[in-house]
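What follows is a set of notes on a single structure, which appears directly below.
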Amino acid sequence: MSIGWMCVITLGILQMSVFFTTIYLHRAVTHGGLHLHPVVRFLMHLELTVFTGVMPREWAAVHRKHHQFSDKEGDPHSPYVYGLWKVFFGNFFYYRSECKNPAVVRKYTPDYRPDIIDRTPGANYGVLLGLAIFMLMFGWAWGLAAWAFHVVAYILLNSSVNSICHMIGSRNFDNLATNIQWIALLTAGEGLHNNHHEFPSSARLSLRRWEFDPAWAVIRLLEMLGLASVSRLPIAKAKAA
Ligand SMILES: [Zn+2]
Ligand SMILES: [Zn+2]
């Protein structure tokens with residue numbers, strides 16, 4: 001396979017992981033802003049298990065704690081508490097120290113209902129299957145390199161939202177998070193983080209005419225296909241007002 005095709009496939013898998021993180025993990029599981037068809041939920045959960053290793057219940061717990069303490073003592077990864085670059089480069093470790101704390105997971109996600117993937121033994125080692133898939137597609141050396149790129153890029157895209165999008169950028173609302181459109185384009189809308197902190201349960205993150213939330217376009221498409229239903233859209237009310 002040519003290097004060009006390897007890049008296209010790797011970036012495609014990266015963007016798939018990014019879209020499923022915001023649509024399934026963040027907007028549906030964590031904030032309940034939309035309901036996804038069980039088959040869509042399963043496929044998104046499976047992709048994240050294999051290519052990111054994120055466990056939805058852990059992710060939701062840490063993120064809900066982030067909303068509770070936003071940019072104050074207790075926030076798992078605030079750049080105001082720990083420093084911008086420490087969170088940018090160390091977000092993964094801040095996240096890990098919280099998500100592996102059973103007390104945090106129990107406290108913040110009592111409503112979480114495990115699905116068949118959660119109940120599958122060894123699901124937390126799913127990333128090794130992802131590595132094997134990359135190696136089968138590209139050969140062991142290129143496969144390992146592409147997998148490593150995917151993992152690092154995924155971590156840094158998430159950490160850019162938790163660090164940069166809490167300090168630098170524009171604000172529509174009076175909270176410390178910021179909107180950065182170019183980060184939103186790379187993170188399927190997550191970069192519109194000031195809007196999100198104002199309306200956490202909104203399935204749509206864009207508000208102004210010039211703001212673009214790529215995942216919202218996918219959610220609308222899923223809705224048209226009968227595979228998703230949006231339960232909360234407070235941002236639409238703000239827009240109308
Ligand atoms: Zn935030
Ligand atoms: Zn959130």
Side-chain angles (χ1 to χ4, degrees), residues 1-30 36 38-60 62-63 77 87-100 114-164 182-191 214-215 217-219 221-222 227:
M1 190 184 296
S2 71
I3 291 180
W5 272 113
M6 287 189 212
C7 291
V8 169
I9 292 169
T10 304
L11 292 175
I13 293 173
L14 176 63
Q15 276 303 307
M16 220 158 54
S17 302
V18 166
F19 270 86
F20 297 170
T21 296
T22 186
I23 294 172
Y24 164 73
L25 276 184
H26 191 192
R27 305 186 202 195
V29 174
T30 305
L36 292 166
V39 173
V40 176
R41 285 177 73 94
F42 173 79
L43 291 175
M44 290 187 176
H45 187 173
L46 182 65
E47 196 275 349
L48 289 167
T49 299
V50 171
F51 290 109
T52 72
V54 170
M55 312 294 280
R57 185 172 184 179
E58 294 176 352
W59 198 97
V62 177
H63 189 70
H77 40 61
V87 174
F88 182 77
F89 289 110
N91 182 63
F92 173 77
F93 302 101
Y94 290 118
Y95 170 79
R96 288 281 296 183
S97 72
E98 292 280 346
C99 80
K100 294 302 168 197
D115 67 8
I116 189 166
I117 298 174
D118 294 305
R119 291 193 296 267
T120 303
N124 48 338
Y125 295 106
V127 276
L128 297 177
L129 185 58
L131 173 60
I133 292 171
F134 268 106
M135 285 179 161
L136 279 173
M137 286 191 296
F138 303 155
W140 75 268
W142 283 112
L144 179 62
W147 177 81
F149 168 81
H150 173 275
V151 170
V152 172
Y154 178 76
I155 289 171
L156 290 182
L157 285 175
N158 284 308
S159 67
S160 66
V161 174
N162 289 339
S163 59
I164 300 170
W182 68 268
I183 292 184
L185 291 176
L186 295 174
T187 56
E190 288 287 314
V218 174
I219 291 168
L221 180 67
L222 289 171
L227 297 172

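Position 1 is the first residue of the sequence, and the numbers go up from there.
- Counting only residues at least two apart or in different chains, side-chain hydrogen bond (donor to acceptor under 3.5 Å, both in side chains) contacts with residues 124-147 are absent.
- Atom-to-atom distance recorded for C7:SG and L14:CG is 12.0 Å, nearest 0.5 angstrom.
- Atom CG of L11 is separated from atom CE of M16 by 12.5 Å, given to the nearest 0.5 angstrom.
- Within the 4.5 Å cutoff, the side chain of V18 has heavy atoms near those of the L157 side chain.
- Proximity of F20 to L25: side-chain heavy atoms (C-beta onward) are nowhere separated by under 4.5 Å.
- Between N91 and I155 the shortest side-chain heavy-atom distance does not fall below 4.5 Å.
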**Worked check of side chain to side chain donor-acceptor pair (under 3.5 Å) between Y95 and H77** = CA-CA 7 Å; Y95 170 79; H77 40 61; over 6 Å; no

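- Rounded to the nearest 0.5 Å, atoms CZ (F134) and CG (L144) are 10.5 Å apart.
- A heavy-atom distance below 4.5 Å is not found between the side chains of T10 and I13.
- Nearest approach of A188 to A215, heavy atoms of both residues: O-CB, 3.1 Å.
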**Asked** side-chain contact (heavy atoms from CB on, under 4.5 Å) between Y154 and L48: does it pass, once the steps are laid out?
**Response** CA-CA 11 Å; Y154 178 76; L48 289 167; 4.3 Å; yes

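- Residue pairs meeting the salt bridge (Lys or Arg N to Asp or Glu O under 4.0 Å) criterion with at least one member in residues 90-100, sequence neighbours excluded: E58-K100, K65-E98.
- Side-chain contact between F51 and V127 is absent, with no heavy-atom pair separated by less than 4.5 Å.
- Using a distance-only test at 3.5 Å, with no hydrogens or angles considered, a donor-acceptor pair links the side chain of S97 to the main chain of Y94.
- Atoms CG and OG1, on L156 and T187 in that order, are 13.0 Å from each other to the nearest 0.5 Å.
- Put simply, the side chain of F88 reaches to within 4.5 Å of the side chain of S160, judged on heavy atoms.
- One N or O on the side chain of Q15 and one on the backbone of L186 form a donor-acceptor pair closer than 3.5 Å.
- You'll find the side chain of T21 reaches within 4.5 Å of the side chain of W59, heavy atoms only.
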**Request:** Begin from the C-alpha positions of R27 and T22 and carry the test side-chain contact (heavy atoms from CB on, under 4.5 Å) through to its verdict.
**Result:** CA-CA 6 Å; R27 305 186 202 195; T22 186; 2.8 Å; yes

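- Between S163 and V87, the shortest heavy-atom distance links the atoms CB-CG1, 3.8 Å.
- Interatomic distance, CE of M44 versus CG of L36, reported as 5.5 Å (0.5 Å rounding).
- Looking only at distances, no side-chain donor or acceptor of R41 sits under 3.5 Å from a matching main-chain atom of Y24.
- Residues P214 and G189 come closest through the heavy atom pair CD-N, 3.5 Å.
- Between H63 and H26, the ring planes lie perpendicular to each other; the angle is over 60°, past the 30° to 60° tilted range.
- I9 has its side chain within reach of M1: a pair of non-hydrogen atoms, C-beta onward, lies under 4.5 Å apart.
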**Request:** Carefully, step by step, assess T49 and M55 under the rule side-chain contact (heavy atoms from CB on, under 4.5 Å).
**Result:** CA-CA 7 Å; T49 299; M55 312 294 280; 5.8 Å; no

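- Distance CG/L43 to CG/L227: 10.0 Å, rounded to 0.5 Å.
- Between P114 and R119, the shortest heavy-atom distance links the atoms O-NH1, 3.0 Å.
- For S2 (side chain) and W5 (main-chain N/O), a donor-acceptor pair under 3.5 Å exists by modelled atom type.
- Qualifying salt bridge (Lys or Arg N to Asp or Glu O under 4.0 Å) partners for E47, counting only residues two or more places apart in sequence or in other chains: none.
- Here the closest non-hydrogen pair linking D118 and P56 is OD1-CD, 4.1 Å.
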